[in-house]
Amino acid sequence: MVTVIMICLSQFPSFHSLRHINLASLFLSLGYTFLVVGACIRAGTSKNAPPRDYSLETSHLSRLFSAFTSISIIAAIFGNGILPEIQATLAPPATGKMLKGLMLCYSVILVTFYSASVSGYWVFGNKSNSNILKSLMPDEGPSLAPTWVLGLAIVFILLQLFAIGLVYSQVAYEIMEKNSADANKAVFSLRNLIPRIILRTLYMTLCGFFAAMLPFFGDINGVVGAVGFIPLDFILPMLLYNITFKPKKSSITFWVNISIMVIFSCAGLLGSFSSIRKLVLDANKFKLFSSDVVD
């Protein structure tokens with residue numbers, strides 16, 4: 001059902017045409033966060049509050065791997081800012097728009113991701129699920145929040161995921177349609193419309209198939225952050241700066257950039273290893289096309 005809806009929504013022709021969906025996505029994120037944080041505060045202060053254990057893993061090696069996996073997940077979260085940064089470069093002046101887009105993006109991340117994660121960890125400790133709604137709706141016993149709050153939060157996050165899927169898919173669409181579209185024809189001409197419908201439908205069908213086949217979330221976030229976002233956000237910009245502006249090798253700027261590249265290259269390698277390790281350790285929990293998501 002989600003894939004069918006995404007196929008229909010994917011026919012928006014360009015990134016710019018999603019601006020209203022992006023605005024709705026912002027309000028959905030804030031609404032979901034307020035509901036979840038409120039539910040966590042209620043659960044933590046109620047007489048049925050779950051027991052909390054904030055202890056870390058006993059093995060030092062496991063702690064180290066978990067730390068780098070967490071760094072990779074955080075990189076994936078803050079890597080969302082790369083989209084407004086790329087979009088800002090499409091038309092001048094790029095600098096002002098880029099800074100505004102990043103500041104807005106990081107402000108939303110701080111308000112949403114961190115408030116939900118802190119409140120969830122406060123209530124459930126190290127037993128907190130990566131999907132905090134699952135912790136608020138335990139398999140045994142009553143829900144720790146009103147049903148209408150949890151139901152509304154689920155609706156908000158589902159609609160938000162539609163928006164996220166549309167935004168992130170635009171990059172793939174641009175690549176696919178670079179050769180299939182004719183820039184001299186109108187966007188909705190048959191020459192451009194038919195290939196766009198076919199390619200986007202096939203792409204979204206494949207995405208839906210693999211999403212249903214591989215039901216895991218937390219582990220893959222770490223892998224994506226380590227392999228994709230750490231190089232994209234922390235290594236490539238420094239490399240491009242040194243190549244473009246060619247600062248003197250004796251300058252502080254040059255060596256600061258080199259240091260950042262080396263540090264985050266090591267963090268990316270360790271994060272990749274720790275994330276893939278966790279994926280392998282959790283592999284025995286995976287069942288193809290399972291409705292039980294592994295966190």
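Here the structure is a predicted model, which means the values were calculated and not measured.
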pair Leu270-Phe65: side-chain heavy atoms closer than 4.5 Å
no
> Is the closest side-chain heavy-atom distance between Val123 and Ser135 below 4.5 Å?
Replying inline: no
Here the pair of heavy atoms bringing Glu57 nearest to Ser62 is OE1-O, 3.3 Å
So OG1 of Thr33 and CG of Leu28: to nearest 0.5 Å the spacing works out to 10.5 Å
*asked:* As a quick check of understanding, evaluate side-chain contact (heavy atoms from CB on, under 4.5 Å) for Ser107 and Leu110, giving each step before the final call.
replied: CA-CA 5 Å; Ser107 298; Leu110 288 172; 5.8 Å; no
Note to self: Are the side chains of Lys178 and Tyr173 in contact, using a 4.5 Å heavy-atom criterion?
What the structure shows: no
So, does Thr244 use its side chain to make a donor-acceptor pair with the main chain of Tyr241 at under 3.5 Å? no
Going only through I, L, V, M, F, W and Y residues with side-chain contacts under 4.5 Å, is there a path from Phe27 to Val37?
no
d(Phe162 CZ, Ile157 CD1) to nearest 0.5 Å is 11.5 Å
Quiz item: Counting distance only, does the side-chain N/O of Ser10 pair as donor-acceptor with the main-chain N or O of Ile7 below 3.5 Å?
Solution: yes
Inset, instruction - Check the pair Arg200 / Glu177 against side-chain contact (heavy atoms from CB on, under 4.5 Å), numbers first and verdict last. - result: CA-CA 9 Å; Arg200 296 190 182 193; Glu177 294 167 11; 2.7 Å; yes
One should read off an interatomic distance between Leu9 CG and Ser169 OG, to the nearest 0.5 angstrom, of 10.5 Å
Between the CD1 atom in Ile132 and the CG atom in Leu150, the distance rounded to the nearest 0.5 Å is 11.0 Å
All heavy atoms of Pro138 vs all of Ser143, minimum pair found to be CD-CA, 4.3 Å
Donor-acceptor check, side chain of Ser46 to backbone of Ala43, threshold 3.5 angstrom: yes or no?
yes
Are Leu206 and Leu202 side-chain neighbours, meaning at least one heavy-atom pair lies under 4.5 Å?
no
| Any side-chain heavy-atom pair from Lys127 and Arg52 closer than 4.5 angstrom? | no
Original post:
Is there a donor-acceptor pair under 3.5 Å between the side chain of Ser275 and the backbone N or O of Gly271?
Top reply: yes
When rounded to the nearest 0.5 Å, the distance separating CG of Leu61 from OG of Ser66 is 9.5 Å
One should read off an interatomic distance between Leu199 CG and Ile194 CD1, to the nearest 0.5 angstrom, of 12.0 Å
Counting only N and O atoms by type, is there a donor-acceptor contact under 3.5 Å from the side chain of Ser189 to the main-chain atoms of Lys185?
no
Beyond-backbone contact of Pro231 with Leu236, side-chain heavy atoms, under 4.5 angstrom: no
Quick note, side-chain hydrogen bond (donor to acceptor under 3.5 Å, both in side chains) partners involving residues 108-121, not counting sequence neighbours, are none
In short, Tyr54 meets Trp122 closest at the heavy-atom pair OH-O, 2.5 Å
Could you state whether Trp148 and Leu158 fall into the same hydrophobic cluster, counting links through intermediate Ile, Leu, Val, Met, Phe, Trp or Tyr residues with side-chain heavy atoms under 4.5 angstrom apart?
yes
Will you find, in the side chains of Ser55 and Asp53, an N or O donor that is under 3.5 Å from an N or O acceptor?
-> yes
key: Co-membership, hydrophobic cluster, residues Val36 and Ile154, 4.5 Å side-chain   = yes
Is Tyr106 reachable from Phe113 through a run of I, L, V, M, F, W or Y residues, each pair having side-chain heavy atoms under 4.5 Å apart?
yes
Smallest heavy-atom separation, Gln11 atom then Thr201 atom, equals NE2-OG1, 3.9 Å
For residues Leu64 and Phe68, determine if any side-chain heavy atom of one lies less than 4.5 Å from a side-chain heavy atom of the other. yes
* Looking at side-chain heavy atoms only, is the closest gap between Leu159 and Tyr32 below 4.5 Å? -> no
Taking Ser128 for the side chain and Phe124 for the main chain, is one N or O donor matched with an acceptor at less than 3.5 Å?
no
- Message: According to a hydrophobic-cluster definition based on side-chain heavy atoms being under 4.5 Å apart (Ile, Leu, Val, Met, Phe, Trp, Tyr only), do Tyr203 and Val2 belong together?
- Response: yes
Could you list the donor-acceptor pairs under 3.5 angstrom formed by side chains in residues 253-266, with sequence neighbours left out?
unit_1	atom_1	unit_2	atom_2	d
Trp255	NE1	Lys249	O	2.4
Asn257	ND2	Asn242	OD1	2.9
Asn257	ND2	Thr253	O	3.4
Ser259	OG	Trp255	O	2.7
Ser265	OG	Met261	O	2.6

